[in-house]
Protein chains: 2
Amino acid sequence: MASQTSAKTHTMRALMALRQRITKGELPGGTRLFEVAMAEDLQISRTPVREAMSRLAEEGLLERAPSGGFMVRSFAYADVLDTLELRGVLEGTVARLAAERGTSDAKLREITEIVRRLDGVFGDEPTEVDFEAYSDLNSQFHDALAALPGSLTFERELARVKSLPFASPSAFLPNESRLSAFRRSLAIGQEQHRELVAAIAGREGARAEALAREHALAARRNLEYIFSTEHSEVTTVPGLELVAPAEK
Amino acid sequence: MASQTSAKTHTMRALMALRQRITKGELPGGTRLFEVAMAEDLQISRTPVREAMSRLAEEGLLERAPSGGFMVRSFAYADVLDTLELRGVLEGTVARLAAERGTSDAKLREITEIVRRLDGVFGDEPTEVDFEAYSDLNSQFHDALAALPGSLTFERELARVKSLPFASPSAFLPNESRLSAFRRSLAIGQEQHRELVAAIAGREGARAEALAREHALAARRNLEYIFSTEHSEVTTVPGLELVAPAEK
DNA sequence: CTGCGGCTCAATGTATACATTTTCAGCGTT
DNA sequence: AACGCTGAAAATGTATACATTGAGCCGCAG
């Protein structure tokens with residue numbers, strides 16, 4: 001079959017199919033999702049559809065309708081800003097906690113190694129940047145940061161927030177086409193990574209918190225740029241298509 | 001029937017029954033919950049049981065087992081501390097946002113009115129405090145605070161955190177029996193309420209954030225007191241019985 | 001004794017029929 | 001025209017039978 005996304009259970013296939021349709025913006029915010037229709041569409045029964053919707057509600061992409069059933073959660077421009085703010089606040093907190101409570105040498109070495117490898121993606125030529133490697137290592141950095149204070153509570157909350165497609169740490173990285181123009185942004189981000197790790201290692205809690213917040217703010221600047229100047233670029237940012245267009 | 005908790009659907013009854021058992025500590029953290037057993041126990045079919053478990057996973061009281069099914073989430077002492085820290089950070093953020101972005105006069109008047117009514121629970125005699133009214137108005141204050149910046153994103157996150165029984169703003173309020181000893185604590189809390197509203201109205205973002213964090217810290221102090229000195233009091237704090245006892 | 005293989009049972013995954021609730025169009029009344 | 005009633009269609013809630021998976025047990029062979 002063509003669109004066989006391949007997964008073990010029907011629930012998983014329904015989950016992935018639905019998530020993709022939502023993040024691609026095919027289902028506008030507020031759309032009521034009907035189990036029967038979805039089940040027929042996916043050629044499965046209502047049971048796994050229901051299960052998939054329930055998991056998407058946990059992820060925050062759907063919300064339960066008061067009278068039962070689910071509807072697509074609508075994200076306005078302001079909601080995206082707030083979600084990025086939220087990520088900044090949470091990352092700031094884990095940075096502060098790691099500095100205040102201390103962290104294991106192993107974890108500190110791990111995140112330092114990630115920063116070192118991020119240095120490697122910048123080639124000698126100004127235009128040489130391994131974009132894919134940067135994106136991947138950047139995600140690793142943010143995951144390692146979340147794990148630094150050893151608090152499952154915060155690690156879990158951050159994972160939840162980052163699971164929203166536009167709140168992923170790599171969501172607003174410049175795409176390959178305009179990469180040279182953004183090389184400087186990446187370099188600044190990398191500098192912030194370095195200082196953040198230094199602040200944590202030096203037990204400077206307030207500085208670590210401020211740096212992590214500022215670092216997350218870069219995403220907001222890119223978002224504002226895209227929406228104000230290069231609105232056509234919206235489609236190049238993963239998951240930004242589900243943002244309600246009218247409300248700007 | 002005796003334990004008819006009264007709710008419209010079987011799902012809701014199962015939800016409430018399960019939630020109660022978990023928060024009362026009858027099901028230790030890590031306990032695997034089997035659909036069949038639970039269904040037989042509640043005299044209903046597997047379907048509403050499954051639905052109820054799914055909702056409890058959203059609430060954060062259950063987690064999905066890797067191989068399918070659910071288990072009771074285990075909360076160690078450190079997890080409770082972190083959750084209170086999380087509430088403080090989030091309340092600090094909504095306070096700062098309300099100060100930075102401003103808020104509507106109506107909302108400001110509403111929260112001011114709640115503070116005014118909180119003043120009323122302190123009688124003329126030192127021992128006169130209407131505990132129940134304080135607890136109720138205190139919850140209202142924290143709900144109003146969460147709504148101040150008009151950010152559904154943050155309001156939602158805070159509601160999620162506060163739904164954990166031990167993270168509710170009123171969870172660690174002194175119980176009636178030792179109320180006179182804690183009258184001063186309540187008065188200090190009320191003073192913080194007042195200053196917090198003043199900081200927000202005066203657009204002092206940093207001060208508002210710091211005050212809200214400090215205010216949430218009172219819960220941590222009470223938690224530490226209970227676990228270190230008055231461990232027998234654990235049963236008097238709603239939802240504290242589900243905290244794993246061994247790990248202190 | 002130890003390790004491997006398959007058997008068995010229990011648990012979750014799935015489909016489906018039926019029950020209940022919600023919704024809303026249609027219609028009558030005021 | 002606005003309101004509310006009503007009944008039928010559609011959607012979710014529920015029970016249950018069956019399918020599939022996976023973990024543990026048992027016995028056999030080395």
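Chain naming here is simple, since letters A, B, ... match the order of the sequence lines and numbering starts at 1 in each.
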- request: Would you mind reading off the distance between B:M38 atom CE and C:dT12 atom C1', rounded to a whole angstrom?
  value: 15 Å
message: Please determine whether a side-chain nitrogen or oxygen atom of A:T9 lies at a distance below 4.0 Å from atom OP1 or OP2 of D:dT20.
response: no
- request: Round to the nearest Å and state the distance from A:E51 atom CD to D:dT12 atom C1'.
  value: 16 Å
- line: In whole angstroms, the gap separating P of C:dG13 from CG of A:L15 amounts to 13 Å
statement: When every non-hydrogen atom of B:R50 is compared with those of A:E51, the smallest separation belongs to NE-OE1, 3.7 Å
- prompt: To the nearest angstrom, how far is A:R55 atom CZ from C:dT12 atom P?
  reply: 13 Å
Heteroatom pairs (N/O) under 3.5 angstrom, protein to nucleotides 8-11 of chain C:
none

- prompt: Is there side-chain contact between A:I22 and A:L62, with heavy atoms separated by less than 4.5 Å?
  reply: yes
field: Distance, nearest 0.5 Å, that separates CD1 of A:I114 from CG of A:N138
entry: 10.0 Å
query: How many angstroms lie between atom CG of A:L242 and atom CG of A:L27, to the nearest 0.5 angstrom?
result: 10.0 Å
task: Kindly compute the distance separating CG (A:L56) from CZ (A:R73), expressed to the nearest 0.5 Å.
output: 12.5 Å
field: Nearest non-hydrogen partners of B:S170 and B:S139, listed with the distance
entry: OG-OG, 3.0 Å
query: Taking atom types as modelled and ignoring hydrogens, do the side chains of B:E91 and B:H215 form a donor-acceptor contact shorter than 3.5 angstrom?
result: no
- prompt: What is the distance from NZ of A:K8 to C1' of D:dA19, rounded to the nearest Å?
  reply: 17 Å
query: Can any side-chain N or O of A:R160 pair as donor or acceptor with the backbone N or O of A:E58 at less than 3.5 Å?
result: yes
- prompt: For A:F70 and D:dT12, what is the distance between atoms CZ and P respectively, to the nearest whole Å?
  reply: 9 Å
- prompt: Could you state the CE-P distance from B:M53 to D:dT14, rounded to the nearest angstrom?
  reply: 15 Å
- request: Please state how far atom NE2 in A:H10 lies from atom C1' in D:dT21, giving the value in whole angstrom units.
  value: 14 Å
message: Let's see if you get this right: which residues in residues 39-50 of chain B place a heavy atom under 4.0 Å from DNA chain D?
response: B:I44, B:S45, B:R46, B:T47, B:P48
A:Q43 side, atom CD; A:H10 side, atom NE2 - distance, nearest 0.5 Å: 10.5 Å
query: What is the nucleic acid contact for B:S67, judged by heavy atoms within less than 4.0 Å: base, sugar-phosphate only, or nothing?
result: nothing
